[in-house]
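The analysis underlying the following values was restricted to heavy atoms, covering all of them including side chains, and did not include hydrogens, waters or symmetry mates. Since we're looking at a predicted model, the values are computed, not measured.
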Amino acid sequence: MTQDSAPTGPLAGVRVIELAGIGPGPFAAMMLADLGAEVIRVDRVAGVDATGDGADPDLLNRGRRSIAVDLKSAAGRDVVRDLVAAADVLLEGFRPGVTERLGLGPADCLAANPRLVYGRMTGWGQHGPYAPHAGHDIDYLALTGALHGIGRAGERPVPPMNLLGDFGGGGMMLALGVVAALYAVRAGAPGQVVDAAIVDGVAVLSTQIHALRRLGMWRDERGVNLLDGGAPFYDTYECADGRYLAVGALEPRFYDELVRLTGFPPDGDEALDRTDPGNWPALRAAWARLFRTRTRDEWTDLLAATDACVAPVLDWQEAPEHPHLAARRVFVDHAGVTQPAPAPRFSGTPTALRRPPPQPGQHTDEVLTEAGLDADRIARLRAAGAVR
């Protein structure tokens, strides 16, 4: 799963040009690279560090090569258009209108390559009242209703890091959209624009909650529902050592297994009917008292390999060492760095980590030579500061 050789994976042979950005755009490019695409990252010339040595520390940039181009120069933009002409995909994450002003917008690039899939990553989308303005993950979650639903009852909403917006609703949706558009092109359709907006993606991710509301199975209050920490059998509990267990015993048979193995309820508590939300506060208090009688790892030894649906809450360092994740190689070592392995897995076209994150401009001459630029033109571009 870790090598530095010819591309492998289901997207082997797909060529992607990525205009460097941060967050969800690079994540989408990482996903495509992990799946075998050849991704060329176009970094800023100002980002080149002549003293830089070894791999760049940003794992989101793994799997690609980097050239450094001054997009404000006409010669630099010509270089990008040359690369686009021979590519399958272009990815960009600027505010709406920026690439158009640079002469690298959809019309420009599709004129150079009518089969191109032009992937655009923004928070608000390419149109709408908020489209021209800045925003971040927390803002997109707030507007879609998702942030309202995350947090404890009676307390303020809690940002779920930036996993839900930037990476789930953003980068992953862009990667899916690009692959779908590539499929259409391979079937004979022309190239097209993929407008991936985080607000769109997060809204789609919340479809089940909207369905549950329509069915009368979800209340709008925070932290009082089956899957938001409201139910005592779907929550986290502190143990005797201050560490935590995650309990997800939703179905009756799994809850019964949890009860049987733990000896619930503890002395002095009642085994109340868990299907009555009115009993949830008392049940939660009883479970909390029980789980505080042993350490996290003692409970894990008792419950983890059962149908009680209980798992230890591991920290970032512990997770790669867990026996199940280790057996599946969910985390791998590549270029001396432990990191998540590519996912999902393919039986016939296995994926691999081929390259560590590049330093900006690390492969400029190599990539431009492959694109057909001769040594004299590359030298002139460097002398003019159009590339580095």
Side-chain angles (χ1 to χ4, degrees), residues 24 123-125 128 130 135 137-177 180 195-237 244-260 264-265 270-288 303 306-311 313 343-344:
W124 303 119
Y130 282 22
D137 185 285
I138 192 171
D139 307 309
Y140 314 133
L141 297 187
L143 213 66
T144 56
L147 187 59
H148 168 82
I150 303 172
R152 292 292 182 183
E155 298 182 12
R156 63 184 179 176
V158 177
M161 298 186 285
N162 64 336
L163 301 180
L164 178 57
D166 281 350
F167 300 115
M172 193 68 78
M173 289 291 183
L174 175 59
L176 173 62
D195 173 5
I198 296 174
V199 289
D200 298 352
V202 172
V204 170
L205 292 175
S206 67
T207 301
Q208 184 191 35
I209 305 303
H210 287 276
L212 291 173
R213 290 180 71 251
R214 287 179 56 83
L215 292 167
M217 299 172 62
W218 195 272
R219 292 164 54 189
D220 286 349
E221 299 97 316
R222 210 168 15 260
V224 298
N225 296 288
L226 190 65
L227 300 173
D228 62 0
F233 42 86
Y234 199 85
D235 206 349
T236 59
Y237 289 93
Y244 291 84
L245 282 179
V247 176
L250 286 173
E251 292 83 355
R253 67 184 185 277
F254 300 148
Y255 187 78
D256 291 345
E257 180 78 345
L258 177 63
V259 167
R260 182 184 69 81
F264 184 84
E270 294 183 65
L272 300 171
D273 177 11
R274 74 169 199 146
T275 64
D276 181 358
N279 291 330
W280 286 1
L283 281 171
R284 174 175 283 101
W287 279 112
L303 301 170
T306 73
D307 282 346
C309 299
V310 173
V313 177

Do [X] and [Y] touch side chain to side chain, with heavy atoms closer than 4.5 Å?
X	Y	answer
Val202	Leu143	no
Trp280	Val224	no
Leu303	Leu258	yes
Arg274	Pro252	yes
Asn279	Glu270	no
Pro160	Leu141	yes

Rounded to the nearest 0.5 Å, what separation is found between the [atom1] atom of [X] and the [atom2] atom of [Y]?
X	Y	atom1	atom2	value
Ile138	Leu164	CD1	CG	12.0 Å
Tyr130	Asp139	OH	CG	9.5 Å
Thr306	Arg260	OG1	CZ	8.0 Å
Gln208	Met217	CD	CE	8.5 Å
Leu205	Ile198	CG	CD1	11.0 Å
Asp200	Met173	CG	CE	9.0 Å

Measure across [X] and [Y] and return the closest heavy-atom pair with its distance rounded to 0.1 Å.
X	Y	result
Gly125	Asp195	CA-OD1, 4.0 Å
Ala153	Gly223	CB-O, 3.6 Å
Leu226	Tyr234	O-CB, 3.5 Å
Pro265	Ala271	CG-N, 3.8 Å
Pro24	Gly170	CB-C, 4.3 Å
Thr207	Val204	OG1-O, 2.6 Å

So Val310 and Tyr237, side chain to side chain contact (heavy atoms under 4.5 Å, CB included) or not? Walk me through it.
CA-CA 11 Å; Val310 173; Tyr237 289 93; over 6 Å; no
Ion pair check, [X] and [Y], cut-off under 4.0 Å:
X	Y	value
Asp235	Arg152	yes
Glu221	Arg219	yes
Arg222	Asp228	no

Parallel under 30°, tilted from 30 to 60°, perpendicular over 60°: which one fits the rings of Tyr255 and Phe233?
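The rings of Tyr255 and Phe233 stand perpendicular, inter-plane angle above 60°.
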For the side chain of Asn225 and the backbone of Leu227, is there at least one donor-acceptor N/O pair under 3.5 Å apart?
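Absent.
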Would you mind listing every ring-ring contact (aromatic ring centres under 6.0 Å, His included) that reaches into residues 196-216, with sequence neighbours excluded?
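Every candidate ring-ring contact (aromatic ring centres under 6.0 Å, His included) pair involving residues 196-216 fails, so no pair, neighbours aside, qualifies.
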Determine whether more than 12 heavy atoms belonging to other residues, nucleotides or ligands lie under 6.0 Å from atom CZ of Phe254.
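Count over threshold, so yes.
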